[in-house]
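Below: the structure, in structure tokens.
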Amino acid sequence: MKPKTVLYWTLSAVLYLGIVIGGYSIYASASTSSNTHEMNEVSGHSDINDHEHSSNGTGAVSEVKVNVGYQDHVITIDLKDANNRAPQLEISHEKVMHLIVVSADLEDYYHLHPADQGNGVFTQEADLKDNLYKVFVDISPKDLAYQVSPVEMHVGERTPLHEGNQLQADTVMEKTINDKTVELRIDSLAANHPTTLTFVSKDGKPDPYLGALGHVVILDEKGEQFIHVHPASADATVFNTQFNQPGIYKLWAEFKFGDQVNAYPFVIQVK
């Protein structure tokens, strides 16, 4: 073979090899970038939900159907997806379900953790007096959109349509339950602005409860907007949230002292 021919084929082989290596590098780089983007979206979603669950004007569409009933002192919750299958639930603060039950007049408040009976059915014994209740099923379904919405539950004789509450904002932001006093300090109560709720315990630091130093549940006076918020850090009873509309709200701040969990009620006005 002539020297010129050998040189020609050698250069051709080198050029071809360069094209192959360059093409693979571009493909690998694009593939890695795509996977990183997907993982960042998932981890970011989890971090946000860890501090607050709400129906505070999110406009999300729920892909889980929730049915609630009460019979023989037992609350039954049935969860199904669009294909009538039980959704898989992720653990949030040590439980797969946080059940908030509040009387329509916002006087009676219960934070419960029903037992899983299988196939999307959960049950909880509860001795409730005759009344109309709002039930909030706080869950984190895997791979399904979900928004916490109130479900009406009648106990005893069917109560008349609830016309609304006449709540008045508290003027003294200090409450004592079971000899444990807690003071609420609020930096701002303006709608559509960040709000920091700081709870000061006058009788020592609360004990950890369900993976946090406390839990705060907030409802508007109609019992329709729901916010469940957790402390902003692991070592302080400071909670960050935001109110999308002005009005009267009632909140319950749950703190554990020893074996007792106290739910401190406060009524506030957002302007």
All ring pair (Phe, Tyr, Trp, His ring centres under 6.0 Å) counterparts of H113, not counting sequence neighbours: H98, H111
Short side-chain to backbone donor-acceptor contact, E254 and H215, under 3.5 Å: no
Minimum side-chain heavy-atom gap I77-V66 below 4.5 Å: yes
D170 and K175 ion-paired at < 4.0 Å: yes
Contacts of type side-chain hydrogen bond (donor to acceptor under 3.5 Å, both in side chains), residue E107, not counting sequence neighbours: none
Hydrophobic cluster identity match, I227 and V238, side-chain contacts under 4.5 Å: no
Residues forming a salt bridge (Lys or Arg N to Asp or Glu O under 4.0 Å) with D108, sequence neighbours excluded: K129
ILVMFWY cluster, V172 and W252 together (side-chain gap under 4.5 Å): no
Same apolar cluster (I L V M F W Y, side chains within < 4.5 Å links), V200/Y264: no
Pairwise distance CD(E224) to CZ(F136) - rounded to 0.5 angstrom: 8.5 Å
Validation row: P150, V135 side chains within 4.5 angstrom (heavy atoms): no
Any residue meeting ring pair (Phe, Tyr, Trp, His ring centres under 6.0 Å) with F255, in chain and number order, not counting sequence neighbours: F199
Non-hydrogen side-chain atoms of Y133 and V151 separated by less than 4.5 Å: no
T198 vs T237, side-chain contact (heavy atoms from CB on, under 4.5 Å): CA-CA, chis, key distance, verdict: CA-CA 6 Å; T198 301; T237 51; 5.6 Å; no
Heavy-atom side-chain contact between M97 and L79 under 4.5 Å: yes
Donor-acceptor pair, side chain of D138 and main chain of L99, under 3.5 angstrom: no
Non-neighbouring partners of D259 that pass side chain to side chain contact (heavy atoms under 4.5 Å, CB included), sequence neighbours left out: none
A126 backbone acceptor or donor facing Y70 side chain under 3.5 Å: yes
Set of residues satisfying salt bridge (Lys or Arg N to Asp or Glu O under 4.0 Å) with respect to K256, sequence neighbours excluded: none
Separation between CD1 of I218 and CD1 of I268, rounded to the nearest 0.5 Å: 6.0 Å
Check: S201 side chain, G204 main-chain N or O, donor-acceptor pair, under 3.5 Å: yes
Under 3.5 Å donor-acceptor, E90 side chain and K142 backbone: no
Spacing of K250 atom NZ and L106 atom CG [to the nearest 0.5 Å]: 6.0 Å
Inter- and intrachain pairs under salt bridge (Lys or Arg N to Asp or Glu O under 4.0 Å), touching residues 194-212, at least two apart: E174-K202, E183-K202
Check: K134 side chain, K222 main-chain N or O, donor-acceptor pair, under 3.5 Å: yes
Joint hydrophobic cluster, V96 plus V64, side-chain heavy atoms closer than 4.5 Å: yes
Minimum side-chain heavy-atom gap L128-I75 below 4.5 Å: yes
Cluster overlap V216 with I186, hydrophobic side-chain contacts below 4.5 Å: yes
Without placing hydrogens or testing angles, list every side-chain donor-acceptor pair under 3.5 Å for residues 189-197, not counting sequence neighbours.
| unit_1 | atom_1 | unit_2 | atom_2 | d |
| --- | --- | --- | --- | --- |
| H193 | ND1 | A191 | O | 3.0 |
| T195 | OG1 | S188 | O | 3.1 |
| T196 | OG1 | N240 | OD1 | 3.1 |

Residue pair Y110, V102: steps toward the side-chain contact (heavy atoms from CB on, under 4.5 Å) verdict: CA-CA 6 Å; Y110 305 88; V102 184; over 6 Å; no
Test log, rule side-chain contact (heavy atoms from CB on, under 4.5 Å), inputs Y146 and V137: CA-CA 10 Å; Y146 181 73; V137 180; 3.7 Å; yes
Pairing residues for D78 by the salt bridge (Lys or Arg N to Asp or Glu O under 4.0 Å) criterion, not counting sequence neighbours: K80
Partners meeting side chain to side chain contact (heavy atoms under 4.5 Å, CB included) with N83 (sequence neighbours left out): D81, R85
Step-by-step side-chain contact (heavy atoms from CB on, under 4.5 Å) determination, V217 to Y109: CA-CA 10 Å; V217 171; Y109 170 87; 3.4 Å; yes
Donor-acceptor contact below 3.5 Å, side chain D116 vs main chain G118: yes
By side-chain hydrogen bond (donor to acceptor under 3.5 Å, both in side chains) - contacts of D235 (at least two apart): S233
Polar contact flag, side-chain donor to acceptor under 3.5 angstrom, Q117-T123: yes
Side chain proximity check, L89 to F122, heavy atoms < 4.5 angstrom: yes
Other cluster members, L210 - Ile/Leu/Val/Met/Phe/Trp/Tyr, side-chain contacts below 4.5 Å: Y209, V261
Within-4.5 Å side-chain heavy-atom neighbours: V267 and Y249: no
N262 side chain reached by F257 side chain, heavy atoms, under 4.5 Å: yes
